[in-house]
Amino acid sequence: MFIEGATIESINQMSKNTLVEHLGIEITEIGDDYLMAKMPVDHRTHQPLGLLHGGASVALAETLGSISAMLTLNIKLQHCVGLEISANHIKSVRSGFVYGKTSPIHIGKRTQVWEIRITNEEKQLVCISKITMAILDNKR
């Protein structure tokens, strides 16, 4: 499903000097129809009580959904932008890493919907998110 030639290294390189790099998000695995990443739970991603900030979880989810959608496109002809994202925060995390995995729900010509499951180091569900992406033609 994903375009050929995409590598973990090329995706992580694309994220240099962005929010993704600032939060420490790192793509760790590319499958036929999924993408995985990890994000540290530390001073960059904490809220004032020392817990993983819900916005950091949403940033991880949006990153995974957006990159996954992009990997289905011919980027010379089309690009994608987020239309809507939702997240349910299930469990708190104080330290270590969280891991996100995205999988497609719908891959259409003009929209895509992706589910992102974020787990802790014990593989317990921390957050479940859904993102809808708009697929747009590049201006010529």
Side-chain angles (χ1 to χ4, degrees):
M1 181 174 77
F2 290 147
I3 58 171
E4 287 188 37
T7 65
I8 292 169
E9 295 76 21
S10 65
I11 295 169
N12 286 325
Q13 183 64 36
M14 187 175 54
S15 298
K16 294 287 183 194
N17 299 313
T18 69
L19 175 74
V20 175
E21 181 182 46
H22 178 73
L23 293 179
I25 296 170
E26 181 183 338
I27 302 301
T28 58
E29 189 175 336
I30 301 173
D32 289 337
D33 67 347
Y34 71 90
L35 193 63
M36 293 182 71
K38 68 179 184 175
M39 180 177 70
V41 181
D42 62 17
H43 68 280
R44 295 169 290 180
T45 57
H46 277 160
Q47 44 98 308
L49 296 177
L51 301 172
L52 176 62
H53 194 293
S57 294
V58 173
L60 174 58
E62 177 115 18
T63 298
L64 281 166
S66 295
I67 293 171
S68 294
M70 181 196 68
L71 290 176
T72 69
L73 303 176
N74 177 341
I75 60 172
K76 292 178 182 172
L77 301 176
Q78 294 180 309
H79 62 283
C80 56
V81 295
L83 279 179
E84 188 270 340
I85 190 166
S86 65
N88 292 95
H89 306 289
I90 310 297
K91 189 171 191 65
S92 63
V93 181
R94 289 191 175 275
S95 62
F97 284 89
V98 289
Y99 303 88
K101 181 177 182 180
T102 186
S103 55
I105 296 172
H106 166 74
I107 305 295
K109 291 181 181 178
R110 292 293 170 202
T111 61
Q112 295 185 10
V113 180
W114 293 83
E115 177 185 82
I116 303 91
R117 299 177 67 86
I118 299 173
T119 57
N120 62 16
E121 292 176 328
E122 290 79 36
K123 299 187 182 347
Q124 297 167 319
L125 187 62
V126 171
C127 176
I128 189 159
S129 182
K130 185 175 72 173
I131 188 167
T132 303
M133 303 296 298
I135 309 306
L136 306 171
D137 294 331
N138 294 341
K139 293 185 179 182
R140 296 180 184 187

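At a threshold of 4.5 Å between side-chain heavy atoms, the hydrophobic network of Ile, Leu, Val, Met, Phe, Trp and Tyr places Ile75 and Trp114 in one connected group. Residues Phe97 and Val126 are members of separate hydrophobic clusters, defined by side-chain heavy-atom contacts under 4.5 angstrom among Ile, Leu, Val, Met, Phe, Trp and Tyr. No single ILVMFWY cluster, assembled from side-chain heavy atoms under 4.5 Å apart, contains both Met39 and Tyr34. When hydrophobic clusters are built by joining Ile, Leu, Val, Met, Phe, Trp and Tyr residues whose side-chain heavy atoms come closer than 4.5 Å, directly or via intermediates, Met1 is grouped together with Ile27. Using a 4.5 Å cut-off between side-chain heavy atoms of Ile, Leu, Val, Met, Phe, Trp and Tyr, with links allowed through other members, Met36 and Val58 fall into different hydrophobic clusters.
Distance CE/Met133 to NE2/His106: 13.0 Å, rounded to 0.5 Å. Atom-to-atom distance recorded for Ile118:CD1 and His89:NE2 is 8.5 Å, nearest 0.5 angstrom. Atoms CD1 and CG, from Ile8 and Leu35 in turn, are 8.5 Å apart once rounded to the nearest 0.5 Å. Taken from CD1 in Ile85 to CD1 in Ile116, the straight-line distance is 5.5 Å, to the nearest 0.5 Å. Note that CG of Leu52 is 10.0 Å distant from CG of Asp42, once rounded to the nearest 0.5 Å. Atoms CD1 and CD1, on Ile107 and Ile135 in that order, are 7.5 Å from each other to the nearest 0.5 Å.
The two residues Met70 and Cys80 come nearest to each other via the heavy atoms N-SG, 3.7 Å. The minimum heavy-atom distance linking Val81 with Leu136 is given by the pair CG2-CD1, 3.8 Å. Contact record, Lys76 with Asn138: O-ND2, 3.1 Å, taken as the closest heavy-atom pair. Residues Arg110 and Gln78 approach most closely at NH1-NE2, 3.7 Å, considering heavy atoms. Residue Met14 comes nearest to Thr18 through the heavy atom pair O-CG2, 4.3 Å, listed as atom of the first residue, atom of the second, then distance. Across every non-hydrogen atom of Val113 and Lys130, the tightest pair is CG1-CG, 3.6 Å.
Between the Glu26 side chain and the Asn12 main chain, no donor and acceptor come within less than 3.5 Å of each other. Checking side-chain atoms of Ser129 against main-chain N and O of Ser86 turns up a donor-acceptor pair under 3.5 Å. Formation of a donor-acceptor pair under 3.5 Å by the Glu21 side chain with backbone atoms of Asn17 is found in this model.
Using a 4.5 Å heavy-atom threshold, the side chains of Val41 and Arg94 count as separate. A heavy-atom distance below 4.5 Å is not found between the side chains of Glu122 and Lys91. Side chains of Ile128 and Arg117 form a contact here, defined as non-hydrogen atoms less than 4.5 Å apart.
For Ala59, the side-chain contact (heavy atoms from CB on, under 4.5 Å) partners at least two apart in sequence or on another chain are Leu19, Leu23.
For the residue pair Ser10/Thr7, the side-chain donor-acceptor check at 3.5 Å is satisfied.
Within the structure, side chain to side chain donor-acceptor pair (under 3.5 Å) pairs that include any residue of residues 56-74 comprise Thr72-Gln112 (at least two apart or interchain).
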